[in-house]
Student: 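Here you go, one structure.
Atoms considered below: every heavy atom in the structure, side chains included; atoms not considered: hydrogens, waters and symmetry mates. For the single chain, residues carry numbers from 1 onward in sequence order.
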Amino acid sequence: MKDLGRNFWLFTTGRLVSLIGSGVQALAIPLYILDITGSGAMMGTFSIVTMLPRILFGPIAGVLGDRFNRKLIMIYMDFARGAAILAMAYLANSEALTITLLFIFQLIVSTLDISFDPATAAMLPDIIGEDNLLRGNSILGAVNSVSYIVGPALGGILYGLFGIEIVFILNGASFIASAISEIFIRYQQTTEKSKVSVKSVFLDIAEGITFLRKIKGLLMVLVFAMVSNFLLSPIFIVVFPFFARTVVGFSSQQYGFLQSGWVVGVLVGNVLLGTILVKKRQGRLFAGGLAAETIINFILAAFFFPYFTRLFGGASWLYFVSLGVPIIVMGVFNAFVNTPLQTLFHRIVPTSHRSRVFSVISILAQIATPLGSAIFGFAVDRFPVHYLVLASCIGNAILTVVFLIKGMSKLFEEKLSRNRNEPTGPAIETETAS
């Protein structure tokens with residue numbers, strides 16, 4: 001097996017540093033909002049502000065990632081995000097950071113995020129080669145997981161001890177450090193250099209959507225992801241922070257460790273995928289991961305009921321462990337779903353289309369999440385949390401059963417089989433979806 005090389009490790013080191021900072025901030029901001037407003041609806045609004053740029057600007061960012069040098073996009077976006085977040089630190093230090101300003105800056109940072117993400121995802125196969133994709137994605141997933149283990153745990157500690165200002169300083173500095181490491185990546189632009197106009201942007205977006213329609217079964221996967229994210233993402237983004245902080249009364253440190261638990265599981269799952277499960281059929285891993293996640297969701301939902309909160313003594317370490325264990329196990333099986341899916345996308349999408357296709361995939365998968373966040377943010381202030389979680393789990397279970405009965409895991413075997421028979425590049429089954 002070929003060595004992944006210097007470029008991959010520079011790429012990964014930059015991700016490691018910036019994601020630790022992002023993990024710190026992602027943990028601290030919801031706690032900060034809850035501490036100063038106590039409102040689940042405000043949490044939902046923040047979630048919408050975070051996701052809105054992805055929906056509005058994602059396709060344009062994907063086109064730019066296919067037209068311009070992906071390395072330069074990464075560097076410029078990291079420097080810009082670092083500057084914006086350090087400006088937030090200055091405002092926090094001056095006691096001038098209002099909720100309105102926080103939302104405005106989050107809108108700016110999220111816009112920069114979506115400019116960065118498609119180029120990063122599309123660049124990976126160009127620097128490691130297709131034969132190393134599963135191994136590279138597994139290692140990158142594991143490194144990302146380490147970042148989000150350290151980040152939330154550190155975020156809970158730093159926010160609890162020093163407040164939001166230190167969180168912004170650390171995250172801003174991490175983006176600057178990431179940009180510096182990316183400067184040393186050796187990368188030649190592999191995509192077409194051309195001028196960009198409004199017409200060309202929309203033509204490229206349309207081409208990316210048309211390309212997706214040619215991949216049999218992929219639209220079904222994206223519809224599943226869209227509805228599943230609508231049901232489950234708001235539980236972890238809006239409901240769980242509200243439950244942990246307001247209902248149970250966990251400290252910021254305890255909440256940070258619980259958030260890290262999810263990523264501990266993802267890390268374990270990616271390590272397993274990159275080692276003892278590397279030769280297993282990815283379709284079976286995907287289907288098994290989905291089924292197991294669904295079961296663990298119900299186990300976790302049970303612990304949200306008041307009976308268990310009283311049984312384990314509220315914000316006790318025993319209750320902390322009771323919530324943490326299913327969160328970790330669910331993270332393991334989540335890796336079995338997401339890593340094979342990401343590897344499949346890398347294999348079947350040629351580099352000339354990769355950024356725009358990945359941005360469309362990301363948008364379609366998450367387009368309903370802001371609506372879910374708004375609904376659950378409104379509901380969490382008015383209805384018992386445990387009923388919201390249970391309703392979400394039931395809806396997602398029905399969706400998963402229907403999806404697996406349709407045999408969507410076969411998508412992996414079909415695409416990989418065709419890919420092996422086509423030495424000149426990734427083969428796409430050209431049956432247009434109706």
Side-chain angles (χ1 to χ4, degrees), residues 18-37 39-62 77-78 80-85 87-89 91-92 97-118 120-121 144 147-148 151-152 155 159 164 167-168 171-172 174-175 225-226 228-242 244-245 255-256 259 262-263 359 361-380:
S18 65
L19 286 177
I20 288 176
S22 295
V24 170
Q25 183 166 312
L27 183 285
I29 288 184
L31 297 181
Y32 178 72
I33 292 172
L34 281 174
D35 286 347
I36 63 177
T37 69
S39 170
M42 198 62 69
M43 285 282 297
T45 303
F46 178 77
S47 176
I48 293 170
V49 168
T50 301
M51 297 176 195
L52 199 59
R54 184 171 300 275
I55 296 170
L56 296 178
F57 306 123
I60 298 173
M77 293 304 103
D78 270 347
R81 288 185 290 183
I85 293 167
M88 293 169 73
L91 290 172
L97 185 65
T98 63
I99 285 291
T100 301
L101 282 176
L102 178 64
F103 284 5
I104 291 171
F105 271 98
Q106 185 60 39
L107 195 66
I108 294 170
V109 172
S110 295
T111 302
L112 297 172
D113 285 343
I114 191 53
S115 302
F116 177 92
D117 291 344
T120 306
N144 292 350
S147 304
Y148 277 110
Y159 177 72
I164 199 69
V167 169
F168 289 144
N171 194 24
S174 75
F175 278 119
M226 178 179 67
S228 182
N229 283 334
F230 169 80
L231 292 168
L232 290 183
S233 290
I235 296 299
F236 293 97
I237 296 171
V238 178
V239 177
F240 185 64
F242 183 87
R245 191 71 165 169
Y255 174 68
Q259 289 281 42
W262 162 268
V263 197
S359 66
I361 288 172
S362 178
I363 289 166
L364 291 178
Q366 299 184 42
I367 194 169
T369 304
L371 176 61
S373 296
I375 292 172
F376 279 93
F378 174 83
V380 80

Student: If you look at every heavy atom in I48 and P370, which pair is closest and at what distance?
Tutor: CG1-O, 3.5 Å

Student: Can you find a pair of side-chain heavy atoms, one from M51 and one from I237, that are under 4.5 Å apart?
Tutor: yes

Student: List the atom of G40, the atom of V238, and the distance in Å for their closest heavy-atom pair.
Tutor: O-CG1, 3.8 Å

Student: Would you check if V49 and S110 make a side-chain contact, meaning some heavy-atom pair closer than 4.5 Å?
Tutor: no

Student: Using every non-hydrogen atom in the two residues, find where F236 and Q259 come nearest and quote the distance to one decimal.
Tutor: O-NE2, 4.5 Å

Student: Kindly give the heavy-atom pair with the smallest separation between P241 and Y255, and that separation in Å.
Tutor: CG-OH, 3.1 Å

Student: Distance-only check: which donor-acceptor pairs under 3.5 Å involve side-chain atoms of residues 19-37, not counting sequence neighbours?
Tutor:
from, atom 1, to, atom 2, distance (Å)
S22, OG, S18, O, 3.1
Q25, OE1, N171, ND2, 2.7
D35, OD1, R245, NE, 3.3
D35, OD1, R245, NH2, 3.4
D35, OD2, Y159, OH, 2.8
D35, OD2, R245, NH2, 3.2
T37, OG1, I33, O, 2.6
T37, OG1, S39, N, 3.3

Student: Heavy-atom distance under 4.5 Å between the side chains of I375 and F230, does that happen here?
Tutor: yes

Student: Could you report the tightest heavy-atom contact between F168 and I85, atom names first, then the distance?
Tutor: O-CG2, 3.2 Å

Student: Check whether more than 12 heavy atoms from other residues, nucleotides or ligands sit under 6.0 Å from atom CZ of F378, and answer yes or no.
Tutor: no

Student: With rounding to the nearest 0.5 angstrom, report the OG1 to CG distance, T369 to L232.
Tutor: 10.0 Å

Student: For the CG atom of L97 and the CE atom of M88, what is their distance to the nearest 0.5 Å?
Tutor: 6.0 Å

Student: After noting the C-alpha distance and the side-chain angles of F242 and M43, does the key distance pass the side-chain contact (heavy atoms from CB on, under 4.5 Å) rule?
Tutor: CA-CA 8 Å; F242 183 87; M43 285 282 297; 5.8 Å; no

Student: Quick check for you: to the nearest 0.5 Å, what is the distance between T111 atom OG1 and R81 atom CZ?
Tutor: 11.5 Å

